[in-house]
Each structure stands twice: as C-alpha cells, then as structure tokens.
Engineer: 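Below: one structure in structure tokens.
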Amino acid sequence: MNASVSLHNRINTVVRDIPRSGIRDFFDIVTTMKDVISLGIGEPDFDTPWHVREATVFALERGATHYSSNLGYIELRRALSKYVAKHFGAEYNPDNEVLVTVGVSEALDIALRALINPGEEVLYHEPCYVSYRATILFAGGKPLAVETKAENGFRLTRQMLEAKWTPNTKLLMLNFPNNPTGAIMDRRDLEDIAAFAREKDLIVITDEIYAELTYDNPHTSIVSLPGMKERTVFLHGFSKAWAMTGYRLGYACGPAELIEAMMKVHQYTMLCASSLAQKAAIEALTRPEIDVGEMVAEYRRRRNYIATAFADMGLECHRPLGAFYAFPSIAKFGLKSKDFALKLLHDEKVAAVPGTAFGECGEGFLRCAYATSFDNIKEAMARLKRFTGKL
Amino acid sequence: MDELLKILATNALETHANIARMLNVPAAEVDARIAAYEKQGVIRGYQAVLNEDQLDLDKVTAVIEVKVTPQREGGFNTIADRISRYPEVSSAYLMSGGYDLLLFIEGKNLRQVAAFVSEKLAPLDGVISTSTHFMLKTYKRLGVQMHQESSDERLSVAP
Ligand SMILES: Cc1ncc(COP(=O)(O)O)c(C=O)c1O
C-alpha cells in the first residue's frame with residue numbers, strides 16, 4: 001500500500017518541512033544504552049518541594065478537579081502579580097494583565113499566534129531553546145536568527161539586531177538566562193536592546209523561565225526598563241526554579257490588549273491550565289522562597305566545579321552565569337558537534353547534547369546541563385577529561 | 001551557615017580539592033578553614049549515616065523524657081552534664097515544654113535499657129521522673145531517607 005506517500009503530501013508543508021528536535025533524536029539513541037551519565041537533561045534534578053506536592057494532594061482531596069477561569073484562578077494571578085512586581089520590577093493587574101498557561105511552551109505559542117500576521121518577521125537569538133524557530137513558523141511568521149558569540153559571552157547586542165532587522169520585523173524574542181548557553185544580560189546590555197526595540201517599535205517577548213537561577217549577578221528583566229512594559233510580553237513559569245516541569249504551568253504578563261488577544265487563542269485551544277497545577281503553584285508562590293535559594297546555592301557549586309574542570313582539561317568555555325547549562329567549545333578537536341557527542345556517548349557513556357540542536361551556530365559546542373547530582377558531575381568530568389585527552 | 005560547612009554536613013568525605021572547586025577558592029584556603037573549625041570545636045567529628053535496620057544488630061534505642069530539678073548553681077547544666085557522661089546516652093537535649101531533658105539511649109535489649117533507667121538514671125539526685133519510649137523503625141535520620149531508594153523519573157535527555 002502506498003498510502004504513506006500520499007499522506008506525506010497531505011501534511012501541512014510548514015509542519016512537514018520542520019525537522020524533529022535534535023534533542024529528540026539524541027534521546028532516542030541514549031535510551032538504547034545502559035549506565036549512561038546524562039548531562040543532557042534540561043530540567044532540575046531536585047524534587048518538587050515537598051510542601052508543593054503536599055498542597056497538590058490536598059487540592060485533589062478538596063476537589064480542585066474542574067475547569068478554572070480561562071485566565072486562571074484569580075488567587076494565583078494575584079500571587080503572580082505580586083511575585084512579578086517584587087522580583088522583576090513591573091506591576092501587572094491580575095484581572096486582565098496576567099494569563100496562566102500550560103507551561104512557557106504554550107505561552108510562547110499563543111503569544112506568537114496572537115501577534116503575527118502571515119510573513120511578518122521575528123528576531124530571535126541563536127543558539128536558543130529548541131522550540132523558538134518552530135513556533136514562529138507554525139504561527140506563520142518568518143524567523144530571523146541572530147547569532148550570539150562565545151567571545152561575547154553569548155550576549156545579544158544592538159549591532160547584531162540591526163544587521164538583521166527589516167521594516168517588516170515586528171517582534172523580538174529574548175531568553176536570558178539562556179538555554180543552552182547559560183548567558184545572561186545585565187542592565188546595561190538590556191538598555192541597548194530596549195532602546196532598539198523602542199526605536200523600531202518592536203514588540204518584545206521575553207522568556208525569563210530561568211530568572212531565579214543566576215549565580216554571580218542578580219537578574220534584570222527588560223520589562224523593568226523605561227518604556228518597555230507597554231511593548232513587552234513577559235513569560236515565566238514553574239518548571240525550573242520550582243522543579244515543577246511535569247505540572248506544565250507557566251504564565252504571561254503584558255498589556256491588557258495583548259493578554260486579551262492571547263487569552264482568545266488560549267480559550268479556544270486550551271480552555272485553561274490544569275487546576276491542580278494551579279493550586280500547587282499558589283502554594284509555591286505564597287510560601288517563603290527558601291527552597292529556591294537552596295537550589296540556587298547547589299547549582300552555583302556545581303557550576304563552579306564544572307567551570308574549573310573544563311579549564312583543567314583545556315576545554316574553552318565562557319563562564320556560565322545563569323540557568324543550569326555550560327556550553328563549552330569543542331571546535332579544536334575537529335569533530336562536528338554531533339559526532340563528538342555520539343563518540344563521547346559510545347566511548348565514555350556520557351550524554352551531552354550537540355550544540356547544533358539549538359541552531360546551526362551551535363556547531364562546535366556541546367551543551368552540558370549540570371542539573372544532575374554532584375557525584376554524577378564528578379564522574380562525568382573525569383570521563384570527559386579522559387575522552388578529550390585521547391582525541 | 002558557612003557554605004563549606006553545608007557541603008561537609010552533606011558529605012564529609014568530599015575531597016578538599018573538590019570543595020575548593022565548588023566554592024571557587026584555593027584548596028589551601030579550604031584546608032585552613034576546615035582546620036580552624038576543627039580547632040574551634042565547631043566540627044566535632046565525622047560519622048557515617050548508617051541504616052541500622054539493615055544490619056540486624058542486637059540493639060535497641062530508647063527515647064527518654066526526663067523531668068529534673070535545676071540545681072542552685074549551674075541550673076540544668078550540672079545534671080544534664082552528669083547524665084550525658086553515661087556511655088549509654090547517645091544524645092541529650094534540653095527541651096521546652098512538658099519535660100526538661102530528652103535522651104537517646106542505646107542498649108543491647110529492653111532489659112538493659114530498663115536497668116539503666118531504674119538503676120542509674122532515676123535514682124540520680126535531681127531526677128524527678130522519667131518516661132521511656134522504644135524506637136521501632138527508622139524512616140529518616142540526619143536528613144537521609146532510610147527506606148526509599150532515590151529514583152530519577154526524568155527522561156535521559158530533555159530540552
Ligand atoms: C528557554 C526555555 N523556554 C521554555 C521552556 C519550556 O518551559 P515549560 O516547561 O514552562 O513549558 C524551556 C524548557 O526547557 C526553556 O529552556
């Protein structure tokens with residue numbers, strides 16, 4: 001039967017032509033192997049804080065198993081509004097400027113769909129989170145990738161944006177602290193970007209899912225800069241700082257008109273985020289932030305260890321300042337990222353994701369997530385050292 | 001608390017070189033700080049956290065609540081110190097609330113612990129009363145779960 005051929009031709013061409021995530025391919029290989037130490041996991045190794053899990057069980061017993069309002073429980077939106085005001089320096093009205101979503105993933109998708117007309121351009125920086133290019137394309141936009149560079153700490157500059165901008169550019173997507181590079185942007189870096197966005201009248205979508213995880217400098221959000229709140233959609237969620245990836249909970253804050261537009265897409269496609277997850281999030285936000293601080297301290301120790309270990313084995317790596325990723329250069333070994341990662345996996349049973357999973361300019365790099373136990377990190381570094389010593 | 005102490009409290013066997021890397025300080029500094037803590041008596045020793053339930057030991061642990069009369073000089077310290085010196089006492093705390101001292105006692109069997117209480121502890125000058133409870137099973141000790149294997153439910157590679 002040759003039905004598969006004709007089905008292939010019936011798939012939406014945008015969907016058909018987008019490759020599967022490189023992460024997915026790599027995962028398929030890793031799962032066939034035993035006793036692998038993985039530096040490939042982009043989610044916290046910490047358990048979800050116990051009080052949050054407890055609150056989830058309690059919510060289940062109390063019957064929080066029904067739809068919530070489309071925007072999300074008002075109690076949660078109030079807590080989010082307070083949290084964002086306190087930590088990010090922007091005040092949002094919980095009644096119409098906060099939308100609870102199914103992870104930052106959904107928030108990214110509906111922000112793009114709510115804003116993009118067919119063919120409009122979206123500036124974003126690479127290497128970046130695997131979904132950005134695909135979600136822009138799904139929304140009918142035209143992705144304009146801007147390459148950030150290791151020598152510049154993978155920060156974004158105004159010059160880089162100017163080189164790619166056209167009069168048809170409508171949106172700018174930002175993600176700092178960054179997956180996969182661990183880069184952050186300080187206030188001065190962001191001021192240049194903000195000035196550019198204001199001049200070119202761009203809407204900014206800022207994915208700050210790793211905001212709590214910075215190790216040397218405090219996080220600054222672009223929404224706190226003058227004239228930015230009114231043109232910015234701020235995205236955040238519970239996956240990383242609260243180790244709640246499986247809860248699938250995120251949120252968007254922005255000007256009421258934009259949130260209303262996003263709410264429409266959300267209303268017709270998702271209805272609402274999980275009620276149980278929302279109850280858990282209320283608990284996570286309204287309790288002291290002790291758990292987050294402890295996690296950050298532990299990630300910092302691992303970051304320090306990994307940075308020194310790379311230096312000891314002569315692997316060049318810009319200092320990771322946020323999130324839980326290090327992004328060393330492996331270019332000097334003359335292997336493609338993918339081949340390096342596969343060889344490392346086969347020879348030493350260490351999994352790390354090839355930089356190319358995060359955009360073509362990730363060639364020559366390897367993403368090493370340190371969201372794994374210190375013992376695993378020590379062993380992985382010892383193996384990596386042995387491996388690179390033989391190359 | 002000093003981060004160095006936190007690291008040691010979770011794994012006292014961590015090498016000083018590794019601790020230095022984690023804290024981003026020279027190894028010699030870690031050596032010196034640990035030596036200073038040992039000298040000051042902040043660090044009193046290093047012990048393994050055992051899951052004794054797994055060892056099939058001839059051993060019972062009792063928790064004893066003790067009411068005492070504080071001494072004219074020295075308050076609770078004098079009597080607490082006298083009680084702590086018995087090798088059977090593995091831990092001793094001054095408590096607020098319904099009793100004064102909380103003791104953890106280890107013995108070979110129930111009879112031995114009972115003998116300790118009735119022959120040594122209760123007759124002490126200043127001890128008013130005791131209430132003894134025997135431990136049946138340890139679920140968590142010193143922050144370590146004793147009966148749960150740690151499990152990682154995460155996928156081996158994730159975005
Ligand atoms: C930069 C970035 N954005 C978004 C996400 C997805 O987050 P969520 O679990 O909230 O959908 C991730 C997850 O790895 C990420 O790294």
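Just so we're on the same page: letters track the sequence lines, and every chain starts at 1. What's counted below: heavy atoms across the whole structure, side chains too, no hydrogens, waters or symmetry copies.
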Engineer: Using non-hydrogen atoms and a 4.5 Å limit, figure out which bit of A371(A) sits close to chain B: side chain, backbone, both or neither.
Structural biologist: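 Contact with chain B involves both backbone and side-chain atoms of A371(A).
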Engineer: Measure E153(B) against the heavy atoms of chain A and call it side chain, backbone, both or neither at under 4.5 Å.
Structural biologist: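 The answer is neither part of E153(B).
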Engineer: Salt bridge check, D347(A) against R383(A): does any charged N sit closer than 4.0 Å to a carboxylate O?
Structural biologist: no
Engineer: Looking only at side-chain N and O atoms, does R367(A) offer a donor or acceptor that is under 3.5 Å from a partner on N179(A)?
Structural biologist: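 N179(A) vs R367(A): donor-acceptor pair found between side chains.
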Engineer: Taking every non-hydrogen pair under 4.5 Å, which of V353(A), V130(A), D45(A), V36(A) racks up the most with chain B?
Structural biologist: D45(A)
Engineer: With a 4.5 angstrom heavy-atom cut-off, is it the side chain or the backbone of I7(B) that approaches chain A, or both, or neither?
Structural biologist: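 Contact with chain A involves the side chain of I7(B) alone.
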Engineer: Pick whichever of Y129(A), Y305(A), F26(A) has the most heavy-atom pairs under 4.5 Å with chain B.
Structural biologist: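 Ranked by contacts with chain B, first place is Y305(A).
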Engineer: State, to 0.1 Å, how close P328(A) and L366(A) come at their nearest heavy-atom pair, and which atoms those are.
Structural biologist: CD-O, 3.0 Å
Engineer: Is Y124(A) close to N175(A) at the side-chain level, that is, under 4.5 Å between some pair of heavy atoms?
Structural biologist: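 Counting from C-beta outward, N175(A) and Y124(A) never come under 4.5 Å.
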Engineer: Which bit of Y299(A) comes within less than 4.5 Å of chain B, counting heavy atoms only: side chain, backbone, both or neither?
Structural biologist: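 For Y299(A), neither part sits under 4.5 Å from chain B.
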Engineer: For D81(B) and S84(B), run side-chain hydrogen bond (donor to acceptor under 3.5 Å, both in side chains): C-alpha distance rounded to whole Å, both residues' side-chain angles, the deciding distance at 0.1 Å, then the answer.
Structural biologist: CA-CA 5 Å; D81(B) 185 57; S84(B) 308; 5.4 Å; no
Engineer: Is A357(A) close to chain B through its backbone or its side chain, or both, or neither, when contacts mean heavy atoms under 4.5 Å?
Structural biologist: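 Nothing of A357(A), per the 4.5 Å heavy-atom cut-off to chain B.
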Engineer: With a 4.5 Å limit on heavy-atom distance, are the side chains of F238(A) and Y247(A) in contact?
Structural biologist: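 F238(A) vs Y247(A): side chains apart.
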